[in-house]
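What follows is a short report on a single structure.
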2 protein chains.
Amino acid sequence: MSQQRHGSTSGGSDRANAVPAFPDLPEATIARLPEYLRALHNLGEGGADTISSEGLAAAAGVNSAKLRKDLSHLGSYGTRGVGYDIALLIEQIEYVLGLDQRRAVCLVGVGNLGHALAGYDGFASRGFKIVALFDADPSKVGERIHGLIVRHIDELPQVAVEETIAIGVIATPAGAAQAVADELVAAGVTSILNFAPCVLSVPANVDVRKVDLAIELQILSFHEHRKASLTALPGGRSATGAGNQEAVGS
Amino acid sequence: MSQQRHGSTSGGSDRANAVPAFPDLPEATIARLPEYLRALHNLGEGGADTISSEGLAAAAGVNSAKLRKDLSHLGSYGTRGVGYDIALLIEQIEYVLGLDQRRAVCLVGVGNLGHALAGYDGFASRGFKIVALFDADPSKVGERIHGLIVRHIDELPQVAVEETIAIGVIATPAGAAQAVADELVAAGVTSILNFAPCVLSVPANVDVRKVDLAIELQILSFHEHRKASLTALPGGRSATGAGNQEAVGS
DNA sequence: CGCGATTTGTGCACGCCTTCACAAGCGCCT
DNA sequence: AGGCGCTTGTGAAGGCGTGCACAAATCGCG
């Protein structure tokens, strides 16, 4: 533990980085940190104090060497011969992910999916707070969903001033998504989670992540198809080839 | 063009697939095919007949070279100097993904999220059909959602016999997910889409894909955090000028 | 009929990520 | 205190994916 290496002080950033707080975390590592975090919370609730890389890797569903390398990237707070201090590691990962500050999320589109997202516990319990719901449909404006009133999308700029919105979630039909994205960007939002099945065009400083439920099914469909076409084959190796747990996000 | 290149040479890595329809498609390619498919459908509705790799790549949000390489993996049905025949390419991709046969999906857990998923149009419109809804909560059994009656999870084996269920979707709380997965596997399901925030343990021949909404947000949170720590650097906001950067796809 | 414009298909190099294997470090037991 | 076993952290190797750059192929036109 001792000092955090984020402090601008910490003399030796391996790279020639003048200031920025973070080492260059590989994107693949970043995508796994939340998974580790969830596993750590589970383990912590189970009463454990420390956990070995082997154990945590199993809980997170990854290879232990990969896990160790991932954690080493962010400074590594493990103890050889013992393992990782769960509470400390949670704190570290939450800091790196920026979860120590609860981020405000706004959700645009309270249709079928948006409605469900508005009430999804996982948001609140994992560092986020939905602060506003928007829709373009006047018949939906005013509706109360899980304690929040749906406002018209035109109010977005105003709300963005009142609350500092970190992340915008788009749950509209595909046709409306680009326009909504533009409005979010104009309102200062720099991170977007897009559930609409379309490609968004945004400025370079805005991050977009996409979740497309149908695509996930189609990928599974491919594997089904392939497996089906293999059943007609001589049994040879029994399919250990493909069974694995891919997490979305490629 | 020409025909498929199954027994592609490449010194022996290609384990002779006697029959199966596919070369070894890279996993990354498979994950992008649905995206191409969606873009193609859009283009087709726009009235176009053919599309260049450049155009399709733009519509799908990827690099054109990558797109060409992806398509070449499945045999390539493009014409040099012209482009790809949209209808033909749609047919090809749908075949590869196994979408020519509408696959039956069952959904377990009709809570907040499951309720929304049950009514999600994207499933029906993109090759899937939800044939059954299950829940363990007796108070939910019997409820009618978008034309389907919620049945008790214990009926799963029976339903699996009546309908050939290709894919199971888990939208239960994390605590129940593993048990549900076990039951799905026991019922013969070999592909699972898991929305519960937990790692599932399944036999090697079962494919699992995971979608965790909170994780997506946490990844965005990291980028927000990083961007915030960089604000002391050059590179002011360039407004919505010629916005176009890609999506974080990793 | 040939030429130029256009676009596909792909060889190649580069960089990222994964995985192995092992030295270094730490705690515990004797 | 010293040795032993366990676990981390990491160097190195290999694999995979990406993107460039270009040859091959095709169409349209003079």
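Letters go in sequence order (proteins before strands), and every chain restarts at 1. What you see is a predicted model; the values in this text were computed from it and never measured.
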For residues 61-70 of chain B, the salt bridge (charged side-chain N to carboxylate O under 4.0 Å, His left out) pairs (sequence neighbours left out) are B:R32-B:D70

Hey, are A:R226 and A:H223 close enough side-chain-wise for a donor-acceptor pair under 3.5 Å? yes

Take A:V108 and A:E183 through the test side chain to side chain contact (heavy atoms under 4.5 Å, CB included) and record every step on the way to the result. CA-CA 11 Å; A:V108 184; A:E183 295 185 64; over 6 Å; no

Salt bridge (charged side-chain N to carboxylate O under 4.0 Å, His left out): pairs with one or both residues in residues 82-100 of chain B, sequence neighbours excluded: none

In whole angstrom, what separates B:K66's NZ from C:dT10's P? 18 Å

Do the side-chain N and O atoms of A:T190 and B:E224 include a donor-acceptor pair separated by under 3.5 angstrom? yes

CG of B:L33 versus P of D:dG17: gap in Å, rounded? 13 Å

A:L25 atom CG is separated from C:dC16 atom C1', nearest whole Å, by 14 Å

Rounded to the nearest Å, what distance is computed from the CG atom of residue B:L67 to the P atom of nucleotide D:dG17? 16 Å

Can you tell me how far P of D:dA21 sits from CG of B:N63, to the nearest Å? 12 Å

In 5'-to-3' order, the base (B), backbone-only (S) or no-contact (-) status of each nucleotide in nucleotides 6-13 of chain D, using a 4.0 angstrom heavy-atom cut-off, is BBBBBBB-

Check: B:E216 and B:L213 side chains under 4.5 Å, non-hydrogen atoms: no

In whole angstrom, give the distance that lies between atom CG of B:D70 and atom P of D:dG17. 10 Å

